Structure formats: structure tokens, C-alpha cells
2 protein chains.
Amino acid sequence: MARTQGSHSDITGPRVREAALRLFAQHGYAAVSMRKIAGEVGVQAGALYKYTPDKQTLLFDLMRTHLEDLLAGWDAVAPKGAALDVLEAFTRFHIRFNTRRADAVFVSYMELRNLVPENFDIIEGLRRDYETRLEAILRRGVAEGRLAVAEPRITAMALIAMLTGINTWFRAQGRLSLAEVEALYWDMVRRTVAGAA
Amino acid sequence: MARTQGSHSDITGPRVREAALRLFAQHGYAAVSMRKIAGEVGVQAGALYKYTPDKQTLLFDLMRTHLEDLLAGWDAVAPKGAALDVLEAFTRFHIRFNTRRADAVFVSYMELRNLVPENFDIIEGLRRDYETRLEAILRRGVAEGRLAVAEPRITAMALIAMLTGINTWFRAQGRLSLAEVEALYWDMVRRTVAGAA
DNA sequence: GGTTTATCTGAACACGCGTTCAGATCAAGG
DNA sequence: CCTTGATCTGAACGCGTGTTCAGATAAACC
């Protein structure tokens, strides 16, 4: 059954990252040892170093991958129409994307302080890029005369905080479906930024 | 200068809690050792056990105290008038209170997973109490016909997430004063929940 | 001024940490 | 079928962990 030594393994790498992500989300980076991650995968701790140079880089790569996927995911689905329509698409995309990757979202936010400064700057840059995507939508809506937003940057961060907060309570098997949550939050987002007209 | 042994000290207790709160916020509970906390206070690690039975209880007491202060603080200033006025007061109170205690807010949210289940339940109960305060305001506003909120509980959590998110970017010496931030966010809160009239 | 007593030190305990590496193992290539 | 080489083991390294406790210290009380 469980192969022991010498086994080539294209699947150990992904399994290491999955286990690390889940354990980091559950217990926190500092509280999870390389031995615990290895135990989840079914190998000894030393074997992990075939897949990451060290624990810090393992964390950093998980966060970077998540944020790059987030940016690429939005860029892939972002429509071209009026700002209000783009904003609705952004809202729904954010909710769908983040509720499906709760562990990665959690880790990418909670473990920032465990990054060495060099890695922290990169992750913060990616996060700023995402905020800037939303900020640009808001600015365009203001230019179009359809949105009333005095401080687009701050409103962008407020909306992202509101939307990401869904992860603290949303459960796929809960009372509300994802579609209902999307509708509820899109209504709140729209009212927060919509112009008087 | 630095007193060594035998010194009675009514001030060591608070200093321990202050140092622990700051270090927990900065590096995370698991990454901060009792020796580091003791070093900040200027004592040996063993001396901390005069002020807390163990590290877990030190964390728990910091979180419990923060949330009890939050609830007591709101109850002390909560006005009695129309729901919309109470909501404005809540918004401004939340912003003022939380920006002044960024470390405690951060720790009380980020370190939940490091609480033993018994302590977790207590902290979660206090947090629910706070959410319920806001939910009740929204429900009353709906009853008064002044607010349009389909899901008061979820809207309450959405607004709290939005408001607490201020802590991720607000700096007292920044471009916007606290009064300006209050005004900006009250405007967003009002638009999110205000009825058509 | 002597006694009391809360406070703090400093060493110890058993244990887990991240990381390294020589050697064992076994799937794949010729 | 034999060789190659990637993969993994298992032990080791030095160090830091939370917690305990006997003994040293000095402020407070009579």
C-alpha cells in the first residue's frame, strides 16, 4: 500500500502544498511543524526538502500562487462593459473565488506577519494590484457619472473587506446558497457606491 | 534603575499584558515565547507565572477583556433614539474604539484558532453578542420602516467586516483624520441599509 | 530594626523544532 | 536484467519551548 522509499512521485509535491495549506489555515504557520506536514503526506520530514527549500518559502509560494491565481482569474473573466456591470461581475467573481479557496484566503491574510520582509513586499504588491483593479472600476464609474464615490481607494478596500468577510460565516451546506449570497452582497455593494440617479 | 529581585510590583501585571498583546499582534501567539514577553518586561520567564497560570490563559484573558470592554463601551454610549441615529452612533463608536486598540482587535480575531475549545466558545459568544447588538439596530430600523435590510444578521456581519477592515490601512498620522474616516464610512453604511424613502 | 512575605531569579526538565545528509530503496531506461 | 538516478528514510545537530521550584531579594509592617 503505502510506498516507502525510492518511489518516484509526481503527486507528492501537490500533496505537500495541500497539506501545508490546510494545516497552516487550521493551526497557523508557526504552530505547524515540518514533521506534521510530512505526517499528513505520509513521508518523513526530510523528504519535504525535495519540494521546498525551506518552510518560509513553502508559505510564501502558497500565498503568491493564491494571489496570482486570483488576479489571473479576474482578468480572465472581467467584462468590458459599463462600470456598474463590471462591478457586479467583480463582486460575484470575488465571492465565488474566495469561498472556494477559504484556506488560501485565510492563510494569505493571516500569515503576512510570518513572511520575511522581501517576501512580504511581493505579497503586498499583489494584494495592492487586486485592490487597484477594483479602484479602477470605481473611478471609471465616477467618470461615467453612474457612481458616487468620494474616495475610490478607500471604498475599494472597504468593499473587499466586506466581501472577504463572507468567509467567516459562509458554509456551502448552510441556509443560503452561494447564488443568494452573491445577490445579497451585490445589492449591498451597489447601494454603497451607486449614484443618486 | 531596573529593580531585580524581591521588588513588589503592582505594575508588572499590566506591563506583562501590554507586552504580550503587542508581541502577539506583531508576531503571532505561537511565535512569541514566554521568555520574549518576560524580556520585554525586564524579568525572567518564571516570574510571568505570578500573573497568569499559563500562556493560553494569558491569550484568552487579553481577548476576553478586549471584547468585554467593547461591549461595555458600546452599552455605555448607545443612544436611545431612532434606529438610523443609533446606527450612526454605532458606526462611529466602532471606528473610534477599534482604531485605538488595533493590537487587541487584531489578536482577538487572528488568534481564535489558538484557543482551546472551552475558551474559544466564550470568545465566540462575546463576538456574537456584539454582532447581535448591531443586528437588533437593523431590525428595529426595518420595523420603523426606515431601513431596507433583507438579512439583518448577514448585513450586520458585512458592516462589521467593512468597518473593522479600516484597521488594515488607517494610520493616525495619515492623510485622512479619524473624523473624515468616520464620515466616509458612515456614508457607506447609511447607503448600504437606508430605505428608499 | 527585625521579621514577614510577596516577588523574582536561575537552573532544570523533557520535548519538539528546522534543517542536513549518508545510505537505503525502487521505478524507469537501455 | 542490469544500471541509473530520483526519492525517501532515519538519525543527528544545536537550539528554543512552556513550565516548575528552591532559594535569593528587598519592600512593607510592627
Side-chain angles (χ1 to χ4, degrees), chain A residues 1-24 26-63 107 111 113-116 118-119, chain B residues 1-24 26-63 107 111 113-116 118-119:
Chain A
M1 193 67 48
R3 294 194 285 186
T4 55
Q5 278 176 315
S7 55
H8 293 219
S9 195
D10 302 332
I11 63 169
T12 303
R15 294 226 298 148
V16 167
R17 287 187 287 276
E18 285 161 21
L21 185 62
R22 190 164 38 79
L23 290 172
F24 287 164
Q26 204 159 88
H27 307 291
Y29 172 76
V32 173
S33 67
M34 295 300 269
R35 284 170 180 83
K36 279 183 199 143
I37 298 169
E40 286 283 301
V41 176
V43 297
Q44 295 295 315
L48 299 183
Y49 290 83
K50 281 270 156 187
Y51 304 98
T52 183
D54 49 46
K55 192 188 177 191
Q56 161 77 201
T57 305
L58 178 55
L59 172 65
F60 170 65
D61 284 341
L62 289 171
M63 296 169 76
V107 168
E111 306 297 353
R113 59 191 169 185
N114 287 306
L115 293 175
V116 297
E118 177 192 335
N119 290 342
Chain B
M1 191 68 48
R3 295 194 286 184
T4 56
Q5 279 176 315
S7 56
H8 294 219
S9 193
D10 302 332
I11 63 171
T12 303
R15 295 226 298 150
V16 167
R17 288 187 287 275
E18 285 160 21
L21 185 62
R22 190 164 39 79
L23 290 172
F24 287 165
Q26 204 160 92
H27 307 290
Y29 172 77
V32 173
S33 68
M34 295 299 269
R35 284 170 180 83
K36 280 184 200 140
I37 299 169
E40 287 283 300
V41 177
V43 297
Q44 295 295 314
L48 299 182
Y49 290 83
K50 280 269 157 186
Y51 303 97
T52 183
D54 49 46
K55 192 188 177 190
Q56 162 77 201
T57 305
L58 178 54
L59 172 64
F60 170 65
D61 284 340
L62 289 171
M63 296 171 77
V107 168
E111 305 297 352
R113 58 192 170 185
N114 287 305
L115 293 175
V116 298
E118 177 192 336
N119 290 342

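Every chain is numbered from 1 and lettered A, B, ... according to where its sequence line falls, protein lines coming before strand lines. Please read all numbers here as calculations on a predicted model, not as lab measurements.
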May I have the distance from B:Gln44 (atom CD) to D:dT25 (atom P), rounded to whole angstrom?
-> 14 Å

State plainly whether the residues A:Arg113 and B:Glu111 are in salt-bridge range, i.e. N to O under 4.0 Å.
-> yes

Mapping A:Gly46 and B:Ala45 onto DNA chain D by nearest heavy atom, which one lands closer to the 5' end?
-> A:Gly46

Report yes or no: is there a donor-acceptor pair, N or O only, under 3.5 Å between the side chain of A:Arg35 and the base of C:dG18?
-> yes

Select one nucleotide: of D:dC8, C:dT7, D:dT19, the one nearest the side-chain heavy atoms of B:Tyr49.
-> D:dT19

Once you round it to whole Å, what is the distance between C1' of C:dC17 and CG of A:Leu48?
-> 14 Å

Atom-pair distance (OH on B:Tyr51; P on D:dT19), nearest Å = 17 Å

Starting from P on D:dT7, measure out to CD1 on A:Ile11 and report it in whole angstrom.
-> 12 Å

May I ask you to evaluate whether A:Ser33 reaches the phosphate of C:dC17, defined as a side-chain N or O under 4.0 Å from OP1 or OP2?
-> yes

Rounded to the Å, how far apart are A:Gln56 CD and C:dG18 P?
-> 13 Å

Starting at OH of A:Tyr29 and ending at P of C:dC17, how long is that distance when rounded to a whole Å?
-> 13 Å

Nearest-Å distance, CE (A:Met34) to C1' (D:dC8)?
-> 14 Å

Checking all strands, does A:Lys50 fall into the base, sugar-phosphate, or nothing category for heavy-atom contacts under 4.0 angstrom?
-> base

Figure out the NZ/C1' separation between B:Lys36 and D:dC15, and round it to whole Å.
-> 12 Å

A:Lys55 side-chain proximity, nearest of C:dT9, C:dT19, C:dT7 = C:dT19

So what does A:Val41 touch, heavy atoms closer than 4.0 Å: a base, only the sugar-phosphate, or nothing?
-> nothing

Do the side-chain N or O atoms of B:Thr12 get closer than 4.0 angstrom to the phosphate oxygens (OP1, OP2) of C:dC8?
-> yes

Out of D:dC8, C:dT19, D:dT19, whichever nucleotide has its closest atom nearest the side chain of A:Asp54 = C:dT19

